[in-house]
K.L.:
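This structure is in structure tokens; I'll ask about it shortly.
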Amino acid sequence: MKRIILIGLLFFGVIVINAQSKEELQTKKAEKQAEANAAQKEANALQAQIDALPGWRVGAFGTIGGSLSNFKNWYAQGTPNNASGNFGITFNGFANLIEKKFFWRNTLTTNLNWVKLDNKDIDTDDSSFKPTTDVFNLSSLYGRNLSKSFAISGLLEYRSTLLDNFNDPGYLDVGIGGTWTPVTNLIVVIHPLNYNFVFSSGDTVFESSMGSKIVADYTRKIGAINFKTNLSVFQSYKSNDYSNWTWTNSFSYTLWKIIGIGFDFGLRSNKQEALNFALGQYDPLAVPTQTEPSFDNIDNKLQSYYTIGLSYKF
């Protein structure tokens with residue numbers, strides 16, 4: 001009986017000691033975590049001071065996504081023997097010179113995607129990777145500060161494709177006006193004097209015109225998160241048929257060093273592009289009852305794209 005009591009007391013003592021040790025370790029951990037939080041807060045404050053210093057700010061991040069597949073005798077689908085794949089890459093880069101009296105902001109945004117479907121039962125199909133999403137945007141904004149949040153500015157913005165039909169069409173906006181920076185990382189450009197040059201080959205519906213340009217850009221890095229959203233709007237004074245807007249968004253979350261997960265998507269509306277595409281599909285000989293497309297009857301559908309995959313940053 002004495003042995004049982006002794007063993008019980010010993011067992012109880014071990015539990016008490018372990019409980020006390022656990023509480024002591026948790027207390028020490030809480031103290032160290034509080035010290036780490038205070039140190040991180042000081043580091044963030046120092047980084048904010050560094051970011052506020054005049055000079056260049058350079059950075060880039062993007063997304064890489066893709067997949068490959070191969071089927072052999074997979075009769076459940078219409079093409080039982082095929083090899084398919086897709087690959088996409090986005091890049092968001094900036095080089096900004098921020099001084100007390102002026103700024104010069106430069107950005108480059110690209111989104112390129114390729115896809116292929118090789119039907120191995122047919123010798124005449126195209127088994128190569130073909131471009132699908134094709135976005136190229138380069139802008140340069142210069143401004144002279146009138147106050148802490150407002151500046152007179154000039155903007156050059158070029159948009160086109162790289163993989164297919166480069167500069168056909170291509171858009172070059174040149175304008176002057178004002179730039180407003182209500183909060184850190186948010187840039188709002190309002191240029192009532194802007195000329196939209198449109199480049200295209202042959203006899204097309206594309207036409208240059210005078211108008212106003214509005215751009216809103218918000219780029220932010222919070223810890224492991226990189227985020228960028230950009231809205232670019234051109235409102236033609238000649239006709240609403242020549243107006244257009246593009247909204248692009250990029251998000252990435254770093255998991256390990258420079259690698260993480262990323263998501264990009266974009267929306268676009270351009271009536272000239274919609275009409276040009278419809279005219280390319282128009283064949284009155286094949287469909288005699290078909291009405292010839294025009295600005296008055298064209299269905300200007302919303303354009304969109306998205307890419308999901310691994311992300312990277314520099």
Side-chain angles (χ1 to χ4, degrees), residues 51-52 54-64 88-99 102-113 133-145 149-163 166-167 170-191 194-197 212-222 225-234 244-252 254 258 262-268 270 305-307 311-314:
D51 294 339
W56 283 97
R57 292 131 168 90
V58 180
F61 70 97
T63 303
I64 298 176
I89 181 171
T90 67
F91 178 83
N92 300 280
F94 65 89
N96 301 330
L97 177 61
I98 309 298
E99 297 291 344
F102 71 92
F103 59 81
W104 182 27
R105 299 176 178 273
N106 304 277
T107 62
L108 171 63
T109 300
T110 62
N111 188 310
L112 309 175
N113 279 267
T133 305
D134 193 354
V135 177
F136 177 80
N137 191 317
L138 179 65
S139 68
S140 182
L141 175 68
Y142 178 83
R144 300 288 297 187
N145 296 321
S149 60
F150 189 79
I152 55 173
S153 57
L155 173 69
L156 288 174
E157 183 185 68
Y158 177 74
R159 291 175 286 108
S160 183
T161 56
L162 288 178
L163 306 177
F166 175 70
N167 203 43
Y171 305 88
L172 176 64
D173 281 294
V174 181
I176 57 174
T179 296
W180 180 44
T181 54
V183 296
T184 305
N185 304 313
L186 175 61
I187 308 297
V188 180
V189 179
I190 304 174
H191 286 176
N194 182 91
Y195 198 83
N196 179 238
F197 294 93
S212 60
K213 185 74 174 181
I214 299 176
V215 177
D217 185 278
Y218 186 78
T219 304
R220 185 82 183 269
K221 182 181 184 298
I222 307 175
I225 298 174
N226 284 280
F227 176 77
K228 177 182 176 65
T229 182
N230 180 278
L231 175 65
S232 178
V233 180
F234 172 71
N244 62 77
W245 61 267
T246 303
W247 183 35
T248 57
N249 299 269
S250 296
F251 171 88
S252 71
T254 304
I258 66 172
F263 175 66
D264 294 77
F265 77 93
L267 301 174
R268 180 170 172 79
N270 190 311
Y305 72 82
Y306 72 87
T307 301
S311 67
Y312 59 91
K313 70 173 184 178
F314 298 97

K.L.:
Set out, in order, the CA-CA distance, both residues' side-chain angles and the distance that settles side-chain hydrogen bond (donor to acceptor under 3.5 Å, both in side chains) for Asn194 and Ser212, then state yes or no.
P.N.:
CA-CA 5 Å; Asn194 182 91; Ser212 60; over 6 Å; no

K.L.:
How far apart are the C-alpha atoms of Thr248 and Asn137, what are their side-chain angles, what is the distance that settles it, and do they pass the side-chain contact (heavy atoms from CB on, under 4.5 Å) test?
P.N.:
CA-CA 10 Å; Thr248 57; Asn137 191 317; over 6 Å; no

K.L.:
Step by step, work out the side-chain contact (heavy atoms from CB on, under 4.5 Å) result for Val233 and Trp247.
P.N.:
CA-CA 9 Å; Val233 180; Trp247 183 35; over 6 Å; no

K.L.:
Taking C-beta and beyond as the side chain, do Leu231 and Tyr218 meet within less than 4.5 Å on heavy atoms?
P.N.:
no

K.L.:
Using the salt bridge (charged side-chain N to carboxylate O under 4.0 Å, His left out) rule, collect all pairs that involve residues 151-161, keeping only residues at least two apart or in two chains.
P.N.:
Glu157-Arg159, Glu157-Lys213, Arg159-Asp173

K.L.:
Are the side chains of Phe263 and Asn249 in touch, meaning some heavy atoms are under 4.5 Å apart?
P.N.:
no

K.L.:
For the backbone of Leu163 and the side chain of Asp134, can you confirm whether one donor and one acceptor N or O come within less than 3.5 Å of each other?
P.N.:
yes

K.L.:
What is the distance from atom OG of Ser311 to atom CZ of Phe61, rounded to the nearest 0.5 Å?
P.N.:
9.0 Å

K.L.:
Can you name the closest pair of heavy atoms from Asn92 and Gly62 and give their distance?
P.N.:
ND2-CA, 4.4 Å

K.L.:
If every non-hydrogen atom of Ser139 is compared with every non-hydrogen atom of Leu155, which pair is closest and at what distance?
P.N.:
CB-CD1, 4.4 Å

K.L.:
Give me the atom names and distance for the closest heavy-atom approach of Phe103 to Ala151.
P.N.:
CE2-CB, 3.6 Å

K.L.:
For the residue pair Ser140 / Asn106, report whether a side-chain donor-acceptor contact shorter than 3.5 Å exists.
P.N.:
yes

K.L.:
Does Asp217 reach the main-chain N or O of Asn230 with its side chain, forming a donor-acceptor pair under 3.5 Å?
P.N.:
no

K.L.:
Do Asn185 and Thr219 pair up side chain to side chain, a donor and an acceptor below 3.5 Å, judged on atom types alone?
P.N.:
no

K.L.:
Looking only at side-chain N and O atoms, does Asn244 offer a donor or acceptor that is under 3.5 Å from a partner on Tyr171?
P.N.:
no

K.L.:
Would the distance check show the side chain of Thr63 and the main-chain N or O of Thr90 forming a donor-acceptor pair, the cut-off being under 3.5 Å?
P.N.:
no

K.L.:
Is there side-chain contact between Phe251 and Phe265, with heavy atoms separated by less than 4.5 Å?
P.N.:
no

K.L.:
Rounded to the nearest 0.5 Å, how far apart are CZ of Phe136 and OG1 of Thr109?
P.N.:
9.5 Å

K.L.:
Does Leu108 form a side-chain contact (heavy atoms from CB on, under 4.5 Å) with Phe91? I'd like the steps, not just the answer.
P.N.:
CA-CA 8 Å; Leu108 171 63; Phe91 178 83; 4.0 Å; yes

K.L.:
Any side-chain heavy atom of Leu141 within less than 4.5 Å of one from His191?
P.N.:
yes

K.L.:
Can you find a side-chain donor-acceptor pair between Asn113 and Asn111 that sits under 3.5 Å?
P.N.:
yes

K.L.:
Taking atom CD1 of Ile187 and atom OG1 of Thr179, what is their separation to the nearest 0.5 Å?
P.N.:
7.5 Å

K.L.:
As an exercise, state the distance from CG of Leu156 to OH of Tyr142, rounded to the nearest 0.5 Å.
P.N.:
13.5 Å

K.L.:
Less than 4.5 Å apart, side chain to side chain, heavy atoms only: is that true for Val215 and Ser232?
P.N.:
yes

K.L.:
To the nearest 0.5 Å, tell me how far Arg144 CZ sits from Trp104 CH2.
P.N.:
14.0 Å

K.L.:
How long is the straight-line distance from OG1 of Thr133 back to OH of Tyr306, given to the nearest 0.5 Å?
P.N.:
10.0 Å

